[in-house]
**Q** 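Below is one structure. I have some questions about it.
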Amino acid sequence: MADAPERKGGCGGACGSCRRSAASLSAPEKEDAMMHAQPLARPVEPLGLAVGREAFREGMSRLGAAVTVVTTDGPAGRAGFTASAVCSVSDQPPSLLVCLNRSASVFDAFSQNGALCVNVLGPDHEALSRLFGGRTPMAERFEAADWTASVSGAPLLDGATASFDCRVVETSTFGSHDVLFCHVLAVRLGGEAAGLVYFDRRYHRV
């Protein structure tokens, strides 16, 4: 039976036995060993050309997200828009972020008011989502549902799965959007833990 082939160390010289062996080498031997040492990992190969806008958007359509209506009120007036680019940041302190396109018609209102409410939509709110996501005049958007004034002054949607009343504490600009970092002042939960998700360019009830 043939001897098993000698097993080369896969640690790249990082383990204790390798370090002890290396310590016993002379200076020229150490230099030669370093010149012939195997790399720890293969270099990452480029995947190809830069990702195009349409390919990116197609990929992101497969990233499902909760549908929300984000609202504000204050010196710059009342405004709201449909958003899925919302996520938590930390629970110490309670905080979340909202991404807002700087070309959006509501941008100035949110920037100047410095307060907002993230209203998580329920499974029966698809029509409301479409209303706040279109070009419907602002007054008509708010007339389609019932609202309650929050601590910050932003409108809370009655019947929302959850509402996060927030104060904007920091803004970061990247690409076409501003990222609004928000401190959560209050949370109101709806009676049923059910929601509306947008995935593959379609609404889904959960």
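Each residue takes its place number in the sequence, starting with 1. From a predicted model like this one, the values you see are computed outputs, not experimental measurements.
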**Q** For Phe132, what residues pass the ring pair (Phe, Tyr, Trp, His ring centres under 6.0 Å) criterion, not counting sequence neighbours?
**A**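 Applying ring pair (Phe, Tyr, Trp, His ring centres under 6.0 Å) to Phe132 gives Phe142, Trp147.
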**Q** Verify the cluster assignment for Val120 and Tyr203: are they in a single hydrophobic cluster under the rule of side-chain heavy atoms below 4.5 Å apart?
**A**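 Result: yes, single cluster for both.
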**Q** Could you check whether any side-chain heavy atom of Arg78 comes within less than 4.5 Å of a side-chain heavy atom of Thr72, counting everything from C-beta outward?
**A**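 Sidechains of Thr72 and Arg78: no contact.
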**Q** For the backbone of Ala83 and the side chain of Thr68, can you confirm whether one donor and one acceptor N or O come within less than 3.5 Å of each other?
**A**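 Checking the backbone N and O of Ala83 against the side chain of Thr68, a donor-acceptor pair under 3.5 Å is found.
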**Q** Looking at residues at least two apart in the chain, or sitting in another chain, which of them share a salt bridge (charged side-chain N to carboxylate O under 4.0 Å, His left out) with Asp108?
**A**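 Counting only residues at least two positions away or on another chain, Asp108 forms no salt bridge (charged side-chain N to carboxylate O under 4.0 Å, His left out).
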**Q** Could you tell me whether the side chain of Asn113 reaches within less than 4.5 Å of the side chain of Val168, counting heavy atoms only?
**A**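 No, side chains not in contact.
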**Q** In the structure I gave you, are the side-chain heavy atoms of Leu128 and Leu157 within less than 4.5 Å of one another anywhere?
**A**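 A side-chain contact exists here, since the closest heavy-atom pair is under 4.5 Å.
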**Q** Looking at residues at least two apart in the chain, or sitting in another chain, which of them share a side chain to side chain donor-acceptor pair (under 3.5 Å) with Glu58?
**A**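 With neighbours one apart ignored, the set is Arg201.
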**Q** If we only count heavy atoms from C-beta on, is the Leu96 to Val184 side-chain gap below 4.5 Å?
**A**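 They are in side-chain contact.
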**Q** Check whether Phe174 and Leu100 end up in the same hydrophobic cluster, where Ile, Leu, Val, Met, Phe, Trp and Tyr are linked by side-chain heavy atoms less than 4.5 Å apart.
**A**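 Different clusters: Phe174 never reaches Leu100 through Ile, Leu, Val, Met, Phe, Trp or Tyr contacts under 4.5 Å.
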**Q** In terms of hydrophobic clustering (I, L, V, M, F, W, Y; side-chain heavy atoms under 4.5 Å; direct or indirect links), are Val86 and Phe107 co-clustered?
**A**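 Both belong to a single hydrophobic cluster.
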**Q** Name every donor-acceptor pair, under 3.5 Å, that has one atom in a side chain of residues 160-167 and the other anywhere in the protein, sequence neighbours excluded.
**A**
from, atom 1, to, atom 2, distance (Å)
Thr161, OG1, Ala194, O, 2.4
Ser163, OG, Asn119, OD1, 2.8
Asp165, OD1, Ser150, OG, 2.9
Asp165, OD1, Ser152, OG, 2.5
Asp165, OD2, Ser150, OG, 3.4
Asp165, OD2, Val151, N, 3.0
Asp165, OD2, Ser152, N, 3.0

**Q** Taking side chain as C-beta onward, heavy atoms only, is Phe81 less than 4.5 Å from Val98?
**A**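 When only atoms from C-beta onward are counted, Val98 and Phe81 do touch, with a gap below 4.5 Å.
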**Q** Kindly indicate whether the side chain of Leu97, heavy atoms from C-beta on, has any atom under 4.5 Å from the side chain of Leu180.
**A**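 Sidechains of Leu180 and Leu97: no contact.
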**Q** Assigning hydrophobic clusters by single linkage (Ile, Leu, Val, Met, Phe, Trp, Tyr; side-chain heavy-atom cutoff under 4.5 Å), is Val197 placed with Val67?
**A**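 Each belongs to a different hydrophobic cluster.
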**Q** Under the ring pair (Phe, Tyr, Trp, His ring centres under 6.0 Å) test, which residues partner Phe181, sequence neighbours left out?
**A**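 Checked Phe181 against ring pair (Phe, Tyr, Trp, His ring centres under 6.0 Å); zero matches.
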**Q** What pair of heavy atoms forms the shortest contact from Leu156 to Ala149, and how long is it?
**A**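 Minimum heavy-atom separation between Leu156 and Ala149: CD1-C, 4.3 Å.
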**Q** Check whether Leu121 and Val187 end up in the same hydrophobic cluster, where Ile, Leu, Val, Met, Phe, Trp and Tyr are linked by side-chain heavy atoms less than 4.5 Å apart.
**A**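 In one cluster with Leu121: Val187, yes.
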**Q** Could you measure the distance from the CZ atom of Phe199 to the OG atom of Ser61? Nearest 0.5 Å is fine.
**A**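 It comes to 7.5 Å.
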**Q** Excluding sequence neighbours, so at least two apart, what forms salt bridge (charged side-chain N to carboxylate O under 4.0 Å, His left out) with Arg202?
**A**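 Testing Arg202 for salt bridge (charged side-chain N to carboxylate O under 4.0 Å, His left out), a comparison that skips the adjacent residues, returns Asp200.
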**Q** Scan for salt bridge (Lys or Arg N to Asp or Glu O under 4.0 Å) pairs involving residues 66-77, sequence neighbours excluded, and state none if there are none.
**A**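 Applying salt bridge (Lys or Arg N to Asp or Glu O under 4.0 Å) to every pair that reaches into residues 66-77, excluding sequence neighbours, yields nothing.
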**Q** Has Ser90 got a side-chain atom pairing as donor or acceptor with Gln92's backbone, closer than 3.5 angstrom?
**A**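 Side chain of Ser90 to backbone of Gln92, a donor-acceptor pair under 3.5 Å: yes, one is there.
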**Q** Just by distance, do the side chain of Ser103 and the backbone of Asn101 share a donor-acceptor pair under 3.5 Å?
**A**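 Not at all, since once roles are kept as given, no pair shorter than 3.5 Å links the two residues.
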**Q** Does the Thr82 side chain pair with the main chain of Ser129, one donor and one acceptor, at a distance under 3.5 Å?
**A**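 It does hold such a pair.
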**Q** Measure across Gly122 and Leu196 and return the closest heavy-atom pair with its distance rounded to 0.1 Å.
**A**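 It is O-CB, 3.4 Å.
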**Q** Mind checking salt bridge (charged side-chain N to carboxylate O under 4.0 Å, His left out) for Asp91 and listing every partner two or more places apart, or none if nothing turns up?
**A**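 If we apply the salt bridge (charged side-chain N to carboxylate O under 4.0 Å, His left out) test to Asp91, skipping adjacent residues, there are no hits.
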**Q** Give me the atom names and distance for the closest heavy-atom approach of Gly77 to Ala109.
**A**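 Heavy-atom minimum between the residues: O-CB, 4.4 Å.
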**Q** Sequence neighbours excluded, which residues qualify as side chain to side chain donor-acceptor pair (under 3.5 Å) partners of Gln112?
**A**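 Scan of Gln112 (side chain to side chain donor-acceptor pair (under 3.5 Å), adjacent residues dropped) gives none.
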**Q** Quick test of your reading: applying salt bridge (Lys or Arg N to Asp or Glu O under 4.0 Å), list the pairs with at least one residue in residues 138-150, sequence neighbours left out, ordered by first then second residue.
**A**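 Matches after skipping sequence neighbours: none remain.
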**Q** For residues 177-188, which residue pairs qualify under side-chain hydrogen bond (donor to acceptor under 3.5 Å, both in side chains), counting only residues two or more places apart or in two chains?
**A**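 The answer is Arg102-Asp178, Asp158-Arg188, Thr173-Asp178.
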**Q** Residues two or more places apart in sequence or in another chain: which of them pass salt bridge (charged side-chain N to carboxylate O under 4.0 Å, His left out) with Asp124?
**A**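 Asp124 satisfies salt bridge (charged side-chain N to carboxylate O under 4.0 Å, His left out) with Arg205 only.
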